[in-house]
Novice: 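After the structure tokens below, expect a handful of questions from me.
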Number of protein chains: 2
Amino acid sequence: MASQAMEDYLLAIYRLEDLGRRPGTGEVAQELGVSAASTTAMFKRLAQEGLVSYREYGGVSLSERGRALALGLIRRHRLAERFLTDLLDLPWEGVHEIADRLEHALPPEVIERFAGLLGEPRTCPHGHPIPTRDGRLPYIEVRPLGSVEVGETAVVALVEERDAALLRHLGELGLKPGARVRVVEREPFDGSMRLECDGREILVSGRVAGAVAVHA
Amino acid sequence: MASQAMEDYLLAIYRLEDLGRRPGTGEVAQELGVSAASTTAMFKRLAQEGLVSYREYGGVSLSERGRALALGLIRRHRLAERFLTDLLDLPWEGVHEIADRLEHALPPEVIERFAGLLGEPRTCPHGHPIPTRDGRLPYIEVRPLGSVEVGETAVVALVEERDAALLRHLGELGLKPGARVRVVEREPFDGSMRLECDGREILVSGRVAGAVAVHA
DNA sequence: CTCGATTTTTAGTCGAGTCTAAAACCGAGT
DNA sequence: ACTCGGTTTTAGACTCGACTAAAAATCGAG
Ligand SMILES: [Mn+2]
Ligand SMILES: [Mn+2]
Ligand SMILES: [Mn+2]
Ligand SMILES: [Mn+2]
């Protein structure tokens, strides 16, 4: 019913809503790397299909149906990622991009088999929660790695998953969900830190630290 | 490089070439359930991309590149089917349709992992050979089930895979690749047969028998 | 409250892929 | 060699999704 393009817009809108705002044309356009004019056109199509409510010059918000569709897509995406890393043993920095295509092609039967085979996982390989079959998104309380004080210990909850090079670096450092880290030193000026993780000491810049969140 | 639509045309052309003819506009149109006008337009696009050679009013034939692309697609399709039945335990009558979408979305890394996990299978669940990584299609010599004489024993090689209802029926009868059958009785008029298969006697119509081939 | 900057929408174009209807072509049969 | 029937191509239209450039609306600073 919804085309691949429509699904990608719904996801972008969902992500922006999730950050608190009511997304406007410009934000969605930027998120998808598409022109503002294209976005206006798509907003109308989505509104026509009842997937968003759209006010001219006023942005969009997902309807119940639109949100349900977006959550289904996220479930497909994250279960696909899990499958690719856990069962196919593909590197965690590559699976996001693959899942971005598979999420549009995997039918429900396949997705639910994945869930079964993988033991109903609750998060994707990058730590983000997987929406349940009935469309609820489990909440995970996190805080920035940068907010952990010197001497404190914390457990990595999730990492930013869009930048493959960054992910590969995090993987080499051992900064994956579930890793226990202790802050050895922190530089308030630029946010860079020295951590103990997995027995060895590692150095992370403010930018890298900003891509990691720990359990609250 | 090649769109999903182009890939579907290439596959249709491949299948028709495989049957011996040089496919024309009408045949390809019918195979894909599309108008002849659309097919003419696509023939031009494919020729433009160097994937087929096209003569007006004279049909098409796959170029080296076109054939390689088609064989890659068939490899993806059949390995995906194997994966869906063997690892995900989905019914063999449903996987063809799912694979028809996945074949366009699965990247090489994933396909080769499938091949590894499944032990480099040589055929899809319906018995059709899987092209090798280097683009060769293993030849399997078969003959129609209908040509087996009364009293003879034969091993099912492959079955027609496009009709889901028929496939389900074949599955219930136990007529899957590898099954050993003995012909008990044969009605020359309409080709219907009585077979012994898996210890029990089954009755197959001429049409059903026509969907099954045995090893020569 | 107004003016200028920014954002959004509109207008117009494009390519891919589809359709229908009309024209052109080809090949057989007389 | 003509002609008729079927096939193929052309012509013209449509949808979806994208673009650029121009117009319109909104917002913020003075
Ligand atoms: Mn996507
Ligand atoms: Mn992820
Ligand atoms: Mn297909
Ligand atoms: Mn098959």
Side-chain angles (χ1 to χ4, degrees), chain A residues 1-14 16-17 19-62 65-66 69-70 73 100-101 103-105, chain B residues 1-14 16-17 19-62 65-66 69-70 73 100-101 103-105:
Chain A
M1 194 94 282
S3 69
Q4 174 156 337
M6 286 165 98
E7 290 182 342
D8 283 335
Y9 278 90
L10 288 176
L11 281 175
I13 294 165
Y14 180 92
L16 292 167
E17 277 193 347
L19 264 52
R21 34 179 166 293
R22 170 180 239 264
T25 308
E27 280 165 303
V28 174
Q30 179 160 25
E31 179 83 8
L32 289 173
V34 110
S35 77
S38 303
T39 302
T40 298
M42 184 56 90
F43 279 2
K44 290 178 177 173
R45 259 173 265 154
L46 293 172
Q48 191 68 28
E49 297 292 324
L51 299 171
V52 301
S53 82
Y54 166 54
R55 290 196 322 262
E56 287 200 352
Y57 298 98
V60 286
S61 68
L62 292 170
R65 278 184 55 221
L69 234 159
L73 242 353
D100 248 344
R101 292 199 285 138
E103 66 192 359
H104 307 287
Chain B
M1 194 94 283
S3 69
Q4 174 157 339
M6 287 165 97
E7 291 181 341
D8 282 334
Y9 279 90
L10 289 176
L11 281 175
I13 294 165
Y14 181 92
L16 291 167
E17 278 194 345
L19 263 50
R21 25 178 171 296
R22 171 179 239 261
T25 309
E27 280 165 303
V28 173
Q30 178 160 27
E31 179 84 9
L32 290 172
V34 109
S35 76
S38 304
T39 302
T40 298
M42 184 56 90
F43 280 2
K44 290 178 177 172
R45 272 188 291 263
L46 292 173
Q48 192 68 29
E49 298 292 325
L51 299 172
V52 302
S53 82
Y54 166 55
R55 291 197 321 262
E56 288 199 354
Y57 299 97
V60 288
S61 68
L62 291 171
R65 278 185 56 222
L69 234 159
L73 242 354
D100 248 345
R101 309 220 318 273
E103 66 192 0
H104 307 286

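Labels below follow one simple rule: chain letters A, B, ... track the order of the sequence lines, proteins then strands, and each chain is numbered from 1. Keep in mind the model is a prediction, meaning the values are calculated, not measured.
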Novice: Test side-chain contact (heavy atoms from CB on, under 4.5 Å) on Met42(A) and Val34(A) and set out the steps.
Specialist: CA-CA 11 Å; Met42(A) 184 56 90; Val34(A) 110; over 6 Å; no

Novice: Indicate yes or no for a side-chain donor-acceptor contact from Gln30(A) to the backbone of Glu27(A) under 3.5 Å, with no hydrogens or angles considered.
Specialist: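 Not confirmed, Gln30(A) side chain does not pair with Glu27(A) backbone.
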
Novice: From CD of Glu7(B) over to C1' of dG17(C), roughly how many Å is that when rounded to an integer?
Specialist: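 The distance from CD of Glu7(B) to C1' of dG17(C) comes to 15 Å, rounded to the nearest Å.
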
Novice: So, for Val52(A) and Phe43(A), which heavy atoms are closest and what is the spacing to 0.1 Å?
Specialist: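 Shortest heavy-atom separation between Val52(A) and Phe43(A) comes out as CG2-O, 4.0 Å.
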
Novice: For DNA chain D, please output the secondary structure as dot-bracket, reading 5' to 3'. Pairs are Watson-Crick or G-U wobble, both atom distances under 3.5 Å; mark crossing pairs with [ ], other-strand partners with |, unpaired with a dot.
Specialist: ||||||||||||||||||||||||||||||

Novice: OP1, OP2 of dA16(C) versus side-chain N and O of Arg45(B): anything below 4.0 Å?
Specialist: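 No, because none of the side-chain N or O atoms of Arg45(B) sits under 4.0 Å from OP1 or OP2 of dA16(C).
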
Novice: Tell me the interatomic distance from Met1(A), atom CE, to dC16(D), atom C1', rounded to whole angstroms.
Specialist: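 Going from Met1(A) (CE) to dC16(D) (C1'), I get 14 Å.
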
Novice: Of all the heavy-atom pairs spanning Ala12(A) and Glu31(A), show the shortest one and how long it is.
Specialist: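 Of all heavy-atom pairs spanning Ala12(A) and Glu31(A), the closest is CB-CG, 3.7 Å.
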
Novice: To check you understand the geometry: which heavy-atom pair defines the closest contact between Leu62(B) and Glu17(B), and what is its length?
Specialist: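 What the structure gives for the nearest pair is N-OE2, 2.9 Å.
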
Novice: Could you tell me which non-hydrogen atom of Arg22(A) sits nearest to which non-hydrogen atom of Ser61(A), and how far apart they are?
Specialist: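 Closest heavy-atom pair between Arg22(A) and Ser61(A): NH2-OG, 3.5 Å.
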
Novice: Do Thr25(B) and Thr39(B) have side-chain N/O donor and acceptor atoms under 3.5 Å apart?
Specialist: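 No - no donor-acceptor pair under 3.5 Å links their side chains.
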
Novice: Going from CG on Leu46(A) to CD1 on Ile13(A), what distance comes out if it is rounded to the nearest 0.5 angstrom?
Specialist: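 Reported value, rounded in 0.5 Å steps: 5.5 Å.
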
Novice: For the pair made of CD in Gln4(A) and P in dA16(C), what is the distance, rounded to whole Å?
Specialist: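 So the two atoms are 18 Å apart, to the nearest Å.
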
Novice: With a 4.0 Å cutoff (strictly under), does any side-chain N or O of Ser3(B) reach OP1 or OP2 of dG17(C)?
Specialist: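 For Ser3(B), the contact criterion (side-chain N or O under 4.0 Å from OP1 or OP2 of dG17(C)) is met.
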
Novice: Could you state the CG-C1' distance from Leu46(B) to dG17(C), rounded to the nearest angstrom?
Specialist: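 Answer to the nearest Å: 12 Å.
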
Novice: Looking at His104(A), is its backbone amide N or carbonyl O close enough to the side chain of Gln4(A) to form a donor-acceptor pair, meaning the two atoms are under 3.5 Å apart?
Specialist: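 Side chain of Gln4(A) to backbone of His104(A), a donor-acceptor pair under 3.5 Å: no, none is there.
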
Novice: Generate the contact string for nucleotides 4-11 of chain D. Rules: B means base contact, S means sugar-phosphate contact only, - means no protein heavy atom under 4.0 Å.
Specialist: ----SBB-

Novice: Taking only the side-chain nitrogens and oxygens of Ser38(B), find out if one of them lies under 4.0 Å from OP1 or OP2 of dG17(C).
Specialist: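 Indeed not, no polar side-chain atom of Ser38(B) lies that close.
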
Novice: Starting at CE of Met6(B) and ending at C1' of dT18(C), how long is that distance when rounded to a whole Å?
Specialist: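 Checked: the CE to C1' distance equals 15 Å.
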
Novice: Atom CD of Gln48(A) to atom P of dT15(D): distance rounded to whole Å?
Specialist: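 Distance, rounded to whole Å: 12 Å.
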
